[in-house]
Amino acid sequence: MTIPVAKPNPPVYPPVLYGPWPSNAPWGEFWSGPRRAPGPAGIIAIGAGAVVAAISLPLDRSGVGWLVAAIAGFVALVVARAVPARPNPAAPRALVVREPIRPGIDRYGWAVATVALLAVGTFRSAGWLFLLCLATATLTGSLALAGGRSMRSILAGYTMPAIAAFRALPWLARGTARLRRPAEAAANVRVAATVAVSIALLVVFGALFASADAAFAEALSHLAPSVSVPSAARWIFVFALAVLAIGGAAFLHAGAPDLSALDATEGRKVNRFEWAFPLGLLVLLFAGFVAVQLTVLFGGNRHVLETDGLTYAEYARSGFWQLSFVTGLTLVVLAGAARWAPRTRPADRKLIRILLGTLSVLTLVIVGSALHRINLYADTYGLTRLRLLVACCEGWFGLVLLLVLVAGVRLRAPWLPRVAIATAVLALLGLAAANPDRLIAEHNIRQNHELDLVYLGTLSPDAVPGLSGLDPDRRDCVLGHINDYLLTHPDDWRGWNLGREQARDIIKRDLSSRDWHCS
């Protein structure tokens with residue numbers, strides 16, 4: 001007789017659930033990243049863009065190479081997005097599927113603005129101007145990739161490209177691993193063979209054409225990079241940076257964050273006394289300052305001359321710092337009122353409009369005074385780069401205040417941060433189009449005060465076309481200074497710049513003697 005043995009029940013395992021799950025990376029609650037690894041086309045495009053950037057990017061000056069690298073990166077992003085990776089049939093199906101973030105039309109506008117800012121280095125040789133454009137391009141680039149509507153989301157998005165550069169490394173590694181699969185490997189061998197044949201044809205026929213024509217050989221020598229240990233180290237360094245930059249941008253572009261949760265401006269409301277009383281006192285303080293200091297604000301030459309110990313420099317700088325402080329304070333007050341002041345009752349809405357509108361108008365009075373001060377300073381002592389930038393900043397502050405007044409009509413302006421940034425970008429591009437160093441030279445030459453020839457000689461080659469108003473001796477002095485800079489900083493094709501090229505032509509034609517001197 002056999003005794004039946006009870007079989008143990010099989011273990012019960014919890015069901016396996018596949019994500020994607022929220023990332024533990026910074027801003028992971030708003031930014032889960034792309035669902036798939038990049039495809040072969042994306043990997044090749046990112047690598048090609050990095051190679052172009054490594055070859056063309058001049059790190060020590062502005063030049064056409066920045067525009068070439070920007071276009072190469074833009075094309076790499078388009079290819080990586082337009083040719084996505086094919087899904088892996090062996091991979092488990094995700095139970096949680098999140099809809100990808102659809103970028104708005106404004107993202108393309110920010111992308112165009114980024115390329116336009118980097119293109120300034122092709123036409124203007126002023127290093128300070130290009131550095132401003134380069135810094136602004138980082139902001140417009142983050143807006144193109146991460147988006148953002150409010151100041152909180154814009155600031156959050158500004159940090160994401162740097163984070164994405166490192167988050168993209170395992171993402172790119174997974175995409176590169178797919179290239180070793182049998183199907184992709186065969187295609188990659190054919191692509192590599194095609195590239196090798198193309199390079200061989202270019203080398204052979206290029207060498208034949210160079211030996212047949214001296215002019216073509218000289219042009220080819222300017223295009224061909226000089227190979228040395230320092231240049232190879234620079235290529236490797238720039239290539240690594242370009243892979244991080246383009247790969248991070250592709251990572252953001254493929255899995256854009258959702259920053260809408262940071263755009264909410266509604267917060268805990270306070271009662272009318274808690275916000276209206278301090279705001280009213282602030283308005284009274286501003287009104288008292290403007291009323292009592294009318295002679296300070298609009299006194300001009302008479303006020304400066306009658307005030308003991310006051311110089312034009314102190315007169316202009318004090319107005320600028322007043323403007324910066326009150327403008328920032330006005331914007332902070334507007335943001336605080338939008339978040340904490342109740343707007344359900346008509347009386348509350350009317351009070352907000354009166355107080356904020358009055359504060360903005362009083363600040364605009366100080367804007368006009370500061371512009372008057374800096375113009376007086378420039379007319380008396382001449383125009384410099386710093387004074388020109390101060391005037392442009394003051395004008396932009398005034399424009400932002402006008403936008404604040406417009407926003408006060410409806411007490412809700414989600415467009416205000418982006419429009420303010422857009423106006424700053426347009427102002428910077430307009431300043432680049434106006435050629436600021438040439439404006440400085442022409443303004444100082446028109447004035448009756450004594451010219452600082454040493455300062456004119458420190459301007460960039462962009463100023464050379466504006467020196468025609470000088471007499472020959474003083475013009476030779478300034479042209480000689482700028483010519484010495486051009487001779488000690490020659491350009492290859494990467495650093496070609498229209499401003500420097502025009503300056504070389506004018507100096508070659510108009511510099512009367514190489515043995516110039518400044519009297």
Side-chain angles (χ1 to χ4, degrees), residues 37-80 114-115 118 121-122 127 130-131 134-135 137-138 141 145 160-180 184-185 188-189 191-200 202-203 206 220-254 489-497:
I43 293 294
I44 295 173
I46 293 171
V51 169
V52 172
I55 295 174
S56 63
L57 203 61
L59 298 180
D60 59 342
R61 69 192 67 193
S62 59
V64 70
W66 289 92
L67 178 59
V68 172
I71 294 175
F74 181 79
V75 171
L77 294 182
V78 171
V79 172
T114 303
V115 176
L118 295 177
T122 306
F130 182 67
L131 286 177
L134 188 62
T138 61
L145 294 171
M160 288 182 177
I163 300 172
F166 296 97
R167 286 188 62 181
L169 292 178
W171 180 68
L172 293 174
R174 292 196 301 271
T176 305
R178 297 184 61 178
L179 299 179
R180 296 193 294 267
E184 285 84 356
N188 296 333
V189 169
V191 171
T194 303
V195 172
V197 170
S198 302
I199 293 175
L202 289 177
V203 170
L220 195 62
S221 65
H222 289 294
L223 292 176
S226 59
V227 180
S228 62
V229 174
S231 62
R234 188 190 66 83
W235 290 341
I236 295 172
F237 174 72
V238 177
F239 176 80
L241 289 182
V243 168
L244 288 175
I246 301 176
F251 184 88
L252 260 176
H253 196 44
H489 296 80
D491 293 329
D492 56 9
W493 73 269
R494 299 170 303 167
W496 184 91
N497 177 274

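Predicted model, so just to flag it, every value in this text is computed and none were measured. Residues take their numbers from the sequence shown, with the count starting at 1.
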Write down the atom of [X], the atom of [Y], and the distance for their closest heavy-atom approach.
{"X": "A164", "Y": "L252", "result": "CB-CG, 3.9 Å"}
{"X": "G247", "Y": "W171", "result": "O-CZ3, 4.0 Å"}
{"X": "L57", "Y": "A69", "result": "CD1-CB, 3.7 Å"}
{"X": "A72", "Y": "V52", "result": "CB-CG1, 3.6 Å"}
{"X": "A76", "Y": "A45", "result": "CB-O, 3.4 Å"}

Do the non-hydrogen side-chain atoms of [X] and [Y] ever get within less than 4.5 Å of each other?
{"X": "L67", "Y": "L118", "result": "no"}
{"X": "V75", "Y": "V79", "result": "yes"}
{"X": "W235", "Y": "V51", "result": "no"}

Working to the nearest 0.5 angstrom, can you tell me the gap between [X] [atom1] and [Y] [atom2]?
{"X": "D492", "Y": "S56", "atom1": "CG", "atom2": "OG", "answer": "10.5 Å"}
{"X": "R61", "Y": "N497", "atom1": "CZ", "atom2": "CG", "answer": "10.0 Å"}
{"X": "I43", "Y": "L172", "atom1": "CD1", "atom2": "CG", "answer": "5.0 Å"}
{"X": "L244", "Y": "F251", "atom1": "CG", "atom2": "CZ", "answer": "13.0 Å"}
{"X": "I55", "Y": "R234", "atom1": "CD1", "atom2": "CZ", "answer": "9.5 Å"}
{"X": "L145", "Y": "T114", "atom1": "CG", "atom2": "OG1", "answer": "8.0 Å"}

(request) Give a yes or no on whether the backbone of P58 and the side-chain of W66 come within a donor-acceptor separation of less than 3.5 Å. (result)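 Yes; judged by distance alone, with no hydrogens or angles, the pair exists.
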